[in-house]
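A, B, ... follow the sequence lines: proteins, then strands. Residue 1 opens every chain. As the structure is a computational prediction, the values presented were derived from the model and not from experiment.
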Amino acid sequence: MAQMIITAENISREYAIGGRRVRALEPVDVEVAAGQFWVVTGPSGSGKTTLLNLLSGFDQPTTGRVEFCGTSLASLPDFRVAQLRNDSFGFIHQTPHLMSHKTVLENVALPFLYGSWLGSKEVNRRCSAMLDYVGMQELEHRYPATLSGGEMQRVVFARALVRDPEVIFADEPTGSLDADNSGRILKMLRQQSELGRSVIMVTHDSDAVRYGSYRISLLKSKNAVIGAV
Amino acid sequence: MHAGQLVFDIRDAFLGLRRRPLRFFLSSLGIGIGVAALIAMLSISEGAKRKAVEKLSSLGTDTLRVEDSTDALAASGENFQNLSKGLTTDDLARVKSWLGPRGYLGAYQRRDELHMASAEGRTTGTLLGVSLDWFKAERLELSWGRWFDPLDERSAKSYCIVGSQLARELKLSRGSYLHLGGYAATVIGALESRGRLLTEGTGLSALDFDNSVMMVLASMPVSHSSYDLRRLDGFVLRLVNGKEKNVLQAAEQVHYLLQRTHGKVEDFRLVVPISLMREVRESQRLFSLVMAVIAGLSLVVGGIGVMNVMLANVSEQTREIGLRKTLGASRGRILWFYLWNSMVMTFSGGLWGVLAGVLLAYGVQLYAGWEIAFSAPAFVLAPLSALATGAVFGLHPAYSASTLDPAEALRES
């Protein structure tokens with residue numbers, strides 16, 4: 001049996017808005033094992049990003065609990081959750097968040113500022129190798145403003161992988177890309193899952209769904225439908 | 001956190017601030033002005049203090065100085081019946097017997113603006129008739145020749161010891177004759193250069209040792225009334241153990257002694273340099289404190305500006321904060337990162353403030369002629385105050401940044 005990396009049990013999320021309680025996510029159970037590629041789909045407002053935030057420890061569920069490798073995220077202090085995000089999680093968002101005043105290489109090296117320090121030489125070596133993997137090594141000294149959207153997303157991809165994470169969280173990673181770049185990113189995500197990393201991807205794109213192996217279809221005000229793709 | 005990561009954070013803070021150079025400059029300007037004011041004020045205050053201390057040190061902090069003030073008292077027009085004759089050799093004997101071996105007591109009579117001439121030239125200077133211990137009490141050193149001895153005192157020979165400038169100017173050597181207002185004396189020695197007694201503001205008469213001639217009291221050229229022979233212009237008392245407590249006690253005793261023998265009439269002026277020095281130090285301390293409060297207030301004003309700019313920076317960098325948190329920055333790390341930001345801002349303001357303060361102080365010296373002196377602690381204290389201002393006023397913006405919800409922050413664009 002594959003090792004469970006993330007386990008979410010009956011997690012839901014409610015927000016208080018103007019004295020009213022609004023449910024952003026209906027209760028859902030998720031078990032993500034190493035090497036699995038999960039796709040989260042659903043209409044707008046069904047709670048896809050909320051689910052991703054709960055699974056990655058950005059937010060706490062109103063009910064239920066999320067565990068990473070058997071440890072409840074709610075029981076961890078802030079710095080331990082931050083450490084987890086640095087060491088074990090990689091993030092790719094729809095908007096490629098890069099620091100405009102840093103070069104491509106410096107952007108990819110950012111996670112090393114917050115994790116165990118390896119020394120500048122080793123950090124540069126690892127970042128260059130990762131940029132080579134995403135086909136961006138030649139542009140490592142360029143600034144984000146000079147890159148296309150696809151190139152920026154590949155830099156974000158390299159940054160998500162540079163600390164060798166166990167889980168990659170991707171929130172609409174192809175949402176702002178053309179077909180070529182989307183295909184490239186999705187193939188790389190698939191490749192990472194085949195290499196043993198868990199991938200949890202939120203998407204609207206029906207073509208992107210076929211890259212996953214499991215699917216959570218979130219529905220508004222109804223329980224999610226979970227199954228193989 | 002590793003030292004390398006700390007260096008990156010501080011470098012990042014600096015580079016981040018450089019992205020908006022005008023904002024960076026303007027916010028550090030407030031701190032810079034505060035620090036410049038602090039440096040300039042402290043250097044002016046230090047200059048005044050050193051001048052005062054130098055002045056009082058020249059009087060000797062282990063000494064008491066007593067001057068006759070009969071003339072001043074008479075000129076004041078106060079209606080009093082003064083049976084006292086001012087300071088006399090009787091007072092000298094009385095104080096000397098009280099003092100014993102605990103110190104040196106030197107008495108003098110003086111004639112100012114006296115014409116002096118040698119074979120080589122002429123000039124004007126001060127003639128002092130002194131007791132033998134006066135040289136010891138004034139800590140004077142001989143450059144050449146010999147001191148007066150008791151025999152000179154007893155025989156009232158017309159010997160003199162000259163100040164260094166006078167010896168040079170009139171080309172005097174041992175055995176030279178010196179004409180002192182129509183009276184001749186033989187030079188037996190010359191003093192090492194000692195400069196002037198800096199008496200300004202103390203109530204004492206000024207004295208330039210280098211431009212004076214000293215004779216024993218008994219051989220002073222005076223009108224030969226018995227009063228003139230006994231009259232003294234002042235005396236100086238130096239304690240062997242010149243601790244402040246001893247000097248103050250001695251001052252009290254001498255004052256009591258003189259007042260009692262002068263029929264409780266204050267026809268003398270007792271000056272205790274160490275006591276004046278204490279007053280000067282106290283008033284300078286107070287002055288420095290007031291200056292520091294004023295400079296501190298300008299730092300507070302600068303700090304409020306820094307806080308404002310930091311709040312704007314945090315608000316503009318919400319997405320960046322979200323990204324840093326996503327990549328593993330803890331709350332503490334974000335808090336420190338923004339504290340570094342504000343401290344880099346204020347510290348750089350502090351550095352150029354130090355430079356501006358030095359220039360300002362030199363400007364004051366150049367145009368107002370005030371004496372200035374730089375003290376090392378001010379150069380350490382000023383940038384440190386700037387750093388502390390950055391830490392205090394950067395705390396609120398840094399805390400706001402650290403508590404941002406990363407998911408929400410990333411949505412901001």
Shortest non-hydrogen contact from A:N86 to B:G328? CB-CA, 3.7 Å
Under 3.5 Å donor-acceptor, B:R319 side chain and A:H97 backbone: no
Should we count CZ of A:R20 as having more than 12 external heavy atoms under 6.0 Å? no
Taking side chain as C-beta onward, heavy atoms only, is B:D12 less than 4.5 Å from A:K102? yes
Heavy-atom distance under 4.5 Å between the side chains of B:T326 and A:F58, does that happen here? yes
Quick one: pull up CG in B:L323 and OG1 in A:T95 and give me the separation to the nearest 0.5 Å. 11.5 Å
Can any side-chain N or O of B:Q5 pair as donor or acceptor with the backbone N or O of A:G115 at less than 3.5 Å? yes
If you define the side chain from C-beta out and look only at heavy atoms, does anything of B:R18 sit under 4.5 Å from A:H101? no
Counting heavy-atom pairs under 4.5 Å with chain B, which one of A:F89, A:F79, A:F169, A:F91 comes out on top? A:F91
Chain B contact via A:T49 - which portion, at a heavy-atom distance below 4.5 Å: side chain
Select one option (side chain, backbone, both, neither) describing which atoms of A:F112 are under 4.5 Å from chain B's heavy atoms. backbone
When rounded to the nearest 0.5 angstrom, what is the spacing between CG in A:D78 and NZ in B:K325? 6.5 Å
Toward chain B, the part of A:Q94 with a non-hydrogen atom under 4.5 Å: neither
Exceeds 12 heavy-atom contacts within 6.0 angstrom, atom OH of A:Y133: yes
Contact part of B:R333 toward chain A, heavy-atom cut-off under 4.5 Å: side chain, backbone, both or neither? side chain
How close do B:L410 and A:H93 get, heavy atom to heavy atom, and via which atoms? CD1-CE1, 3.4 Å
For A:R159, is it the side chain, the backbone, both, or neither that has a heavy atom closer than 4.5 Å to a heavy atom of chain B? side chain
From the list A:L98, A:D87, A:L113, the residue making the most non-hydrogen contacts under 4.5 Å with chain B is A:L113
Please check if the number of heavy atoms outside A:Y15 that lie under 6.0 Å from its OH is greater than 12. yes
